[in-house]
There are 2 protein chains.
Amino acid sequence: MTKREKNFPRMAEVAKLAGVTVMTVSRALRSPAKVAPDTLKRIRAAIDKTGYVPNALAGALSAGGGGKTITALIPTVQHAIFADTITGLSAALRPEGYHLVLGETGYLSEEEDALVAAFLSRRPEGFLLTGVTRSPRTRDLLKRVGVPVVETWELTNTPIDMVVGYSNEKAAHEMTVWLAGRGYKRIAFVSGPSRTNERARRREIGYRRALKEQGLPVLKIFTIGAPAAPQVEDGAAILPEVLAEKPDAIFFTSDIYAVGAIQEARRRGIAVPKELGIAGFHDLAIATVIEPKLTTVHVPGREIGYIAGRNILARIRGEPAPQLSAIPFSIVARDSTK
Amino acid sequence: MTKREKNFPRMAEVAKLAGVTVMTVSRALRSPAKVAPDTLKRIRAAIDKTGYVPNALAGALSAGGGGKTITALIPTVQHAIFADTITGLSAALRPEGYHLVLGETGYLSEEEDALVAAFLSRRPEGFLLTGVTRSPRTRDLLKRVGVPVVETWELTNTPIDMVVGYSNEKAAHEMTVWLAGRGYKRIAFVSGPSRTNERARRREIGYRRALKEQGLPVLKIFTIGAPAAPQVEDGAAILPEVLAEKPDAIFFTSDIYAVGAIQEARRRGIAVPKELGIAGFHDLAIATVIEPKLTTVHVPGREIGYIAGRNILARIRGEPAPQLSAIPFSIVARDSTK
DNA sequence: CTGTTAGCGCTTTCAC
DNA sequence: GTGAAAGCGCTAACAG
């Protein structure tokens, strides 16, 4: 194989080839109207010939700012709901020519801290962050540098800058009340890793509040361990423990777990929803693939990303953008509950 | 709300505060061993006080290159298999301090062209591209500038630089032969949008070749339309048409379609696998959630990303890296085939 | 161990 | 319509 050397032509080479100075080439690129048509033609030809690609780093440095990138930090790309948010964000940014830079925190706060600092050094024009709880250090840093920041997937009255999401507490509360309304009396709750995931924590609060209001017993609360993307097997594995509490329904904080539990219930000959009701969270594609189809909370992943993108863009332009945008969730009743 | 102004402190401010020149601050950041412990302490304090975040753009410009970023272009983040590739790539890059910049092409070649040009202007140190067919313009550009490039998810003898993948033709061939081995005689093939997806095209070739070898009839080939991420409903919607061909088995180029078809078959009272065998491709989580569990081709998404990352890194360091890395796929026999 | 001098590749004035 | 000078924020190379 021939040796590959990096070889980015510079504007100067284009200029020489076209018989002008770099200044004219620069102008040809950013305000072609100000360049004589004939000159323009020669410059365009030279660009083609050399394979010139502008150096955005130099450009941004010189122009004092915007490389037109937005940074998004999500727990994992594996989870479909965050993927949705990314898709929504992309959709909002693309028409304006902004690029998306993605980081995965792995649900780890320390990793988020590291990534914020690292990405900040690239001077992005905006940030999308998942969740609303984070280290004071990162909060301060972000506040101080003054880039537009959107926190997502939860609500708060004290965002760093803006927040786009819904109330996880309310969502879990609503589902629990709904379950109670269907006649379930012993509703168990199985949460994802709540130490590292405030969404799970808020859902638990909503669940407890609903039970209290309804005068129902709070069963032992189960938490699935590892701070990682949820796995179907996790839901299957925890079912036996949960059954020891004699629940007539189980509310999982993720469809993924719920699906695993339904499968495990079938293996054990437990009829869903007849003997045991099961509810999930997120409304993933998998929810309608499992039999019986899963009752769940539909959550607005894509919209969150889109609105977040629009808000960041507005801020960049100096237009007003709402500090808090609440996006509605909804309960989707299907066949895994009576 | 108080007005937010961008306000990134510069190295000069840190230097002044610490009573040194910028050079010493720069050194304190990149080779602290060369700075007096006491000076270092003062500089660190000043950095903390000011909330200084290095400007990587300026740094890269000056140091003549590496912003330590790798760009990955995938069709969509929605598809779990590309998400796996991203996760694998991240895993390879993280330990070396490289960042991942992600672009979604939406399965569109023109979009890829635009993104390559746009991202190239940020001078990434490497590229991961999905698939091996692309516009000559983009090929030339990438070859010319000499950044490390890995093409993925297929094999070719003429990569731009390197390729990491498997043979989609072979994979489909193997599955088709396996199906024939189970006694299926009329094996239908349903493909994703092949105009924009060469993986689908190659799979079709493998399917045809296998049938020919086995002396089995090639049924009408069905293609699912839209160039977008596959949807479960697409598989359900196309089933009736496919059934008109009287197949005893259907091989879908994605588990997603296969799952939709299984559901539709159930609705129509068709027994799977008894009356109709169904096979998929990718081995997504959904494949073991559907009942009957799906026979499919397991494809090494995560490994592809990881190896691609390792290869790019090797190239960057000037170490040798293989031009072609073939990663094995495998047939996973489950319950949707007899 | 620390400072000085250049200069990365481009864009912003301000001239011509 | 085009060019010359200055500088974006940082680092490499050399001095001291």
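Proteins come first, then strands; the chains are lettered A, B, ... in the order of their sequence lines, and each starts at number 1.
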Visitor: Atom CD1 of B/I43 and atom P of C/dC1: how far apart are they, to the nearest Å?
Guide: 13 Å

Visitor: Within the structure provided, determine whether B/L128 and B/T152 are in side-chain contact (heavy-atom separation under 4.5 Å).
Guide: yes

Visitor: Estimate the overall bend of the helix from C/dC1-D/dG16 to C/dC16-D/dG1 from the end axes over five pairs each, rounded to 10 degrees.
Guide: 30°

Visitor: It should be established whether A/T24 places a side-chain nitrogen or oxygen under 4.0 Å from OP1 or OP2 of nucleotide D/dG3.
Guide: yes

Visitor: Rounded to the Å, how far apart are B/D38 CG and C/dT2 P?
Guide: 9 Å

Visitor: Is there a side-chain contact between A/E104 and B/R94, using heavy atoms and a 4.5 Å cut-off?
Guide: yes

Visitor: For B/F8 and D/dG9, give me the distance from atom CZ to atom C1', rounded to whole Å.
Guide: 13 Å

Visitor: Can you name the nearest heavy-atom pair linking A/S90 to A/L100, along with the distance?
Guide: OG-CD2, 3.7 Å

Visitor: Base contacts versus sugar-phosphate-only contacts with protein, heavy atoms under 4.0 Å: please encode nucleotides 9-16 of chain C as B, S and - from 5' to 3'.
Guide: BBBB----

Visitor: Pair up each side-chain donor or acceptor in residues 13-25 of chain B with any protein partner under 3.5 Å, not counting sequence neighbours, and list the distances.
Guide:
{"residue": "B/E13", "atom": "OE2", "partner": "B/R10", "partner atom": "N", "Å": "3.4"}

Visitor: Show, in sequence, the C-alpha distance, side-chain angles and deciding distance for B/F8 and A/L120, and conclude whether the side-chain contact (heavy atoms from CB on, under 4.5 Å) test is met.
Guide: CA-CA 10 Å; B/F8 284 96; A/L120 224 32; 4.1 Å; yes

Visitor: Does either side chain, that of B/T138 or that of B/S135, offer a donor lying less than 3.5 Å from an acceptor on the other one?
Guide: yes

Visitor: Over 60° means perpendicular and under 30° means parallel, so tell me whether B/W153 and B/F82 are parallel, tilted or perpendicular.
Guide: perpendicular

Visitor: Below the 4.0 Å mark, does D/dG1 have OP1 or OP2 next to a side-chain nitrogen or oxygen of A/T39?
Guide: no

Visitor: Could you tell me whether the side chain of B/R134 and the main chain of B/T130 form a donor-acceptor pair under 3.5 Å?
Guide: yes

